[in-house]
Amino acid sequence: MRKLAVSAAMTSALIASAVAAKEPASTNADAWQRAEATEQKMTDAERVVMTSGITALPNAGDKIPEDAVLGAGYVAGIPRLGVPALKETDAGLGVSWALGARGNEGATALPSGMALAATWNQELAYQAGQMVGAETRAKGFNVLLAGGVNLVRDPRGGRNFEYFSEDPLLSGILGGYSIAGAQSNHIISTVKHFAFNNQETARKFGNVTISEAAARESELLAFKLAIEIGNPGSVMCSYNRLNGPYTCGSEWLLQKVLKRDWGYKGFVMSDWGAVYEPGFAWAGLDHQSGRSSDPQVYFADQLLTDAGTDAKRKSRISDMNRRILWAVYSNGLDRFPVLPGEKIDKAGHEALAGEVARQGIVLLRNERGALPLAAEAKSIAVIGGFADTGMLSGGGSSQVHGDGGPAAMIPGGGRGLFNGWEQYQRGTTPLAAIRKRAGQDVTVTYRTGNYIAEAVEQARKADVAIVFANQWQSEGRDNPDLSLPRGQDALIAAVAAANPNTVVVLQTGSAVLMPWLDQTAAVLEAWYPGVQGGEAIASVLFGDTNPSGRLPVTFPASLEQLPHPVLPGHTEADPDKNGAGAPGQQVTIDYNVDGSDVGYRWFARQGHKPLFPFGYGLSYTNFATSGLSVKGGKATVTVQNTGGRAGATVAQVYLVARGKVATRRLVGFQRVSLEAGASKTVTMTIDPRLLADWKDGRWSMPRTTYYFAVGENAEALSSPIGIRLPAKRWAD
Ligand code: BGC
């Protein structure tokens with residue numbers, strides 16, 4: 001296996017060529033030809049073997065074959081034809097099934113997807129994917145159930161921490177690069193959950209309603225970009241309904257959009273427990289995953305019975321096989337089999353997790369230069385957030401278990417499928433990292449924050465108070481609101497009232513409200529920062545790292561600003577263990593309210609002022625951008641570091657109006673690292689889909705003047721420049 005060189009970061013160009021070289025058109029064609037040839041050699045009985053899989057866990061309902069690795073799934077291969085079995089594990093933030101599979105042996109826990117997105121760094125996303133892919137192999141698996149690119153449509157969504165952002169360009173690019181990185185290990189990665197699984201409430205029965213135009217311009221665009229860049233072997237369809245049918249049985253979504261319009265060659269696998277009838281096969285689903293989680297095994301032998309002599313159905317069964325085989329061959333699963341004893345570069349992988357954490361931490365507030373901590377600060381009161389224990393991680397199927405298991409399991413008030421333990425990653429705790437970095441001259445005390453009076457007393461005595469505050473998110477449940485649970489908002493307010501030098505460090509899944517914001521000196525958003533999160537937080541606090549993360553989601557000022565002040569289904573849906581709801585229960589999740597104006601676009605349309613806008617983040621230095629020009633589909637801008645120390649920022653270019661109609665769309669971004677005083681001119685290619693509308697089955701750009709602006713975030717924008725563009729229409 002290729003070693004990861006974290007320090008010698010791959011350049012964009014190198015990665016772009018690695019992405020392109022991995023699947024040149026000719027290899028793709030070869031893989032398809034090989035798939036056809038193998039499929040032709042299959043007997044009818046063999047043709048249904050790979051159409052279904054089991055959950056490879058004890059008590060899941062199926063006998064576990066000898067060669068299976070305990071984990072999310074197992075699909076038998078066809079040894080006679082040299083087709084390997086598929087051994088599936090979750091997920092994008094690390095190998096989540098390692099602990100169950102092999103005693104106490106854990107995996108490297110990356111920071112959350114939101115933290116990775118906050119780096120706006122596609123090279124790092126590639127490396128993160130490559131790292132998880134390498135561990136996937138080393139743990140005996142050849143399929144990684146990663147690539148969650150659903151948009152963050154609501155900050156309360158329980159899986160936001162797994163996903164990337166509210167923007168299709170940012171999510172599509174980062175998702176695509178991380179998939180490409182994973183597959184560079186000769187394994188299959190998925191992209192998931194196709195599509196519109198943006199909330200957990202009523203996740204197995206909620207019906208998302210959205211117009212085709214809004215669908216294509218928002219979440220489907222994120223999937224399309226991720227597929228173009230990452231070329232995943234499989235697409236996992238989701239639990240929810242979409243404009244009526246379940247996505248896993250939606251002919252429109254699977255056969256028309258994905259396979260016909262986009263020409264996707266891989267296979268569609270269901271999410272676990274998302275199949276309700278055999279007809280899903282004829283509607284475009286190629287594989288029934290974890291079949292005992294469905295009411296029946298609808299695929300496998302049943303397919304032959306249902307197809308009978310129907311030529312169309314028989315050719316669909318052939319197509320399912322070709323698609324699965326294409327994924328196997330185009331990623332070389334047969335040529336590069338997973339062998340026992342592949343070693344993990346543990347130190348390198350943990351260093352990479354640390355790099356993602358450092359680049360993903362967002363400095364939200366820094367009054368009077370409160371950070372980095374001054375050398376004069378001789379006493380620090382660390383309070384709350386289990387800062388003495390470990391780093392919070394998100395719950396559900398993506399939960400990574402580090403070496404030795406979780407450092408602490410705290411009841412998370414769960415309901416739904418994965419009911420309710422906050423798990424803290426072992427590693428250097430924030431408290432230990434702060435103590436180490438502060439050195440012997442500085443007194444560092446710690447109080448849990450369980451008792452406000454005690455925390456206040458410590459804060460009052462100290463030069464600086466650092467309050468750690470956490471919000472847990474998990475698959476299977478949404479956060480009911482955007483408060484910090486367990487009275488942490490009150491704790492912060494009380495500590496900040498006692499000490500004007502109060503710094504808040506947040507570990508949250510996505511956006512939260514901050515009723516105490518104005519009282520504080522500084523706020524850092526560290527997301528779920530992974531196994532090296534403690535060191536990463538300390539290095540930002542003390543200034544060894546200049547923060548460079550930028551928000552991948554809007555932080556609203558109130559719930560009333562959201563398209564749905566009450567989360568759809570929140571008052572009706574009381575999910576059972578599987579999130580399935582009562583028989584016949586219906587919930588409509590209406591995405592026509594915001595349509596394709598997700599996140600910052602909604603805020604711009606409504607004229608709402610958020611707490612912090614999309615793209616926002618401070619630095620210990622200052623940057624200026626100038627000279628925006630747009631020509632021949634490319635935007636060029638010069639970024640200068642006008643402050644006194646090295647740092648990194650993200651140049652963000654937005655479309656702000658078409659003709660007289662105001663809009664707001666991110667059309668290009670580039671992370672730039674600069675020494676103090678240095679400047680750099682960067683060029684970004686603008687994808688025309690970001691300028692267009694979906695109209696009558698095509699992308700459509702009106703002939704008009706397009707206005708662009710460059711910004712520090714979606715709100716602080718330069719004065720716009722206009723260029724006239726001709727009308728254009730094209731197919732997806
Ligand atoms: C999740 C998927 C996951 C699957 C297998 C489901 O509950 O929605 O993301 O890949 O389980 O573990």
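Position 1 is the first residue of the sequence, and the numbers go up from there.
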Look up atom CG in L567 and atom CG in L562, then write down how far apart they are to the nearest 0.5 Å.
9.5 Å
Would D693 and R658 pass as an ion pair if we require N to O under 4.0 Å?
yes
Using the ring of W120 (Phe, Tyr or Trp, six-membered ring only), decide whether R550 places NZ or CZ under 6.0 Å from its centre and within 45 degrees of its axis.
no
Quick check for you: to the nearest 0.5 Å, what is the distance between L484 atom CG and N470 atom CG?
8.5 Å
Treating Q199 as the side-chain partner and D478 as the backbone partner, does any N or O pair qualify as donor plus acceptor under 3.5 Å?
no
Identified side-chain contact (heavy atoms from CB on, under 4.5 Å) partner of M114 from the options T508, L551, N160
N160
Does any N or O in the side chain of R365 come within less than 3.5 Å of the main-chain N or O of D518, such that one atom is a donor and the other an acceptor?
yes
Any side-chain heavy-atom pair from N150 and R159 closer than 4.5 angstrom?
no
Show, in sequence, the C-alpha distance, side-chain angles and deciding distance for V504 and W516, and conclude whether the side-chain contact (heavy atoms from CB on, under 4.5 Å) test is met.
CA-CA 10 Å; V504 178; W516 33 260; 4.0 Å; yes
What is the minimum heavy-atom distance between S483 and Q471, and which atoms define it?
O-CG, 4.4 Å
To the nearest 0.5 Å, how far apart are CG in L482 and OG in S510?
7.5 Å
When you measure from the side chain of Y163 to the backbone N and O of G157, does any donor-acceptor pair fall under 3.5 Å?
no
Check M684 against F669 and note the closest heavy-atom contact, atom names and distance.
SD-N, 3.5 Å
Do the non-hydrogen side-chain atoms of E715 and F603 ever get within less than 4.5 Å of each other?
no
T554 vs E166, side-chain hydrogen bond (donor to acceptor under 3.5 Å, both in side chains): CA-CA, chis, key distance, verdict
CA-CA 8 Å; T554 305; E166 64 191 27; 2.6 Å; yes
Does any non-hydrogen side-chain atom of N198 lie less than 4.5 Å from one of E219?
yes
Please check this pair: side chain of E217 against backbone of W694, looking for a donor-acceptor N/O pair closer than 3.5 Å.
yes
Does a side-chain N-to-carboxylate-O contact under 4.0 Å join D90 and K192?
yes
side-chain contact (heavy atoms from CB on, under 4.5 Å) between T663 and Y707: does it pass, once the steps are laid out?
CA-CA 9 Å; T663 184; Y707 293 92; over 6 Å; no
So does K609 get a backbone contact from the side chain of Q561, meaning a donor-acceptor N/O pair under 3.5 Å?
yes
Check the angle between the aromatic planes of F194 and F223 and answer parallel, tilted or perpendicular using the 30° and 60° thresholds.
perpendicular
Using side-chain hydrogen bond (donor to acceptor under 3.5 Å, both in side chains), reason through D167 and S165 one step at a time and then give a plain yes or no.
CA-CA 5 Å; D167 180 75; S165 84; 5.3 Å; no
Using modelled atom types and a 3.5 Å cut-off, is there a donor and acceptor pairing between side-chain atoms of Y239 and backbone atoms of W272?
yes
Closest non-hydrogen atoms of S96 and S397, given as atom of the first, atom of the second and distance, are OG-O, 2.8 Å
So which atom in G206 and which in N240 form the shortest heavy-atom distance, rounded to 0.1 Å?
O-CB, 3.6 Å
In sequence, state the C-alpha distance, the side-chain angles, and the governing distance for L392 and I410, and then conclude on side-chain contact (heavy atoms from CB on, under 4.5 Å).
CA-CA 10 Å; L392 182 58; I410 315 287; over 6 Å; no
Parallel, tilted or perpendicular: which fits the ring planes of F614 and Y654, with parallel below 30° and perpendicular above 60°?
perpendicular
Shortest non-hydrogen contact from L517 toward V523
CD1-CG2, 3.7 Å
Is it true that atom CD of E454 has more than 12 heavy atoms of other residues, nucleotides or ligands lying nearer than 6.0 Å?
yes
Any side-chain heavy-atom pair of W527 and P111 under 4.5 Å:
no
Report the distance from atom NE2 of H193 to atom CG of D271, rounding to the nearest 0.5 Å.
5.0 Å
Checking the side chain of S211 only, and the main-chain atoms of A214 only, is there a donor and an acceptor separated by less than 3.5 Å?
yes
Between V667 and L169, is a side-chain contact (heavy atoms from CB on, under 4.5 Å) present by the stated rule, with each step listed?
CA-CA 7 Å; V667 298; L169 181 67; 5.6 Å; no
So, E572 side chain and A202 main chain: donor-acceptor pair closer than 3.5 Å or not?
no
Flag side-chain contact, heavy atom, 4.5 Å: S218 against R153:
yes
Any chance you could measure I492, atom CD1, to T502, atom OG1, to the nearest 0.5 Å?
9.5 Å
Does a side-chain heavy-atom distance below 4.5 Å link V710 with V639?
no
Taking N479 for its side chain and W472 for its backbone only, find out whether a donor-acceptor pair lies under 3.5 Å.
yes
Is there a donor-acceptor pair closer than 3.5 Å between any side-chain N or O of T247 and the backbone N or O of S238?
yes
With side chains defined as the heavy atoms from C-beta onward, is the minimum distance between L559 and R156 less than 4.5 Å?
yes
Check whether any side-chain heavy atom of L93 lies under 4.5 Å from a side-chain heavy atom of F161, and answer yes or no.
yes
For the student: nearest non-hydrogen atoms of A526 and I361, plus distance
CA-CG1, 4.1 Å
OG1 on T520 to CG on N499, rounded to 0.5 Å
11.5 Å
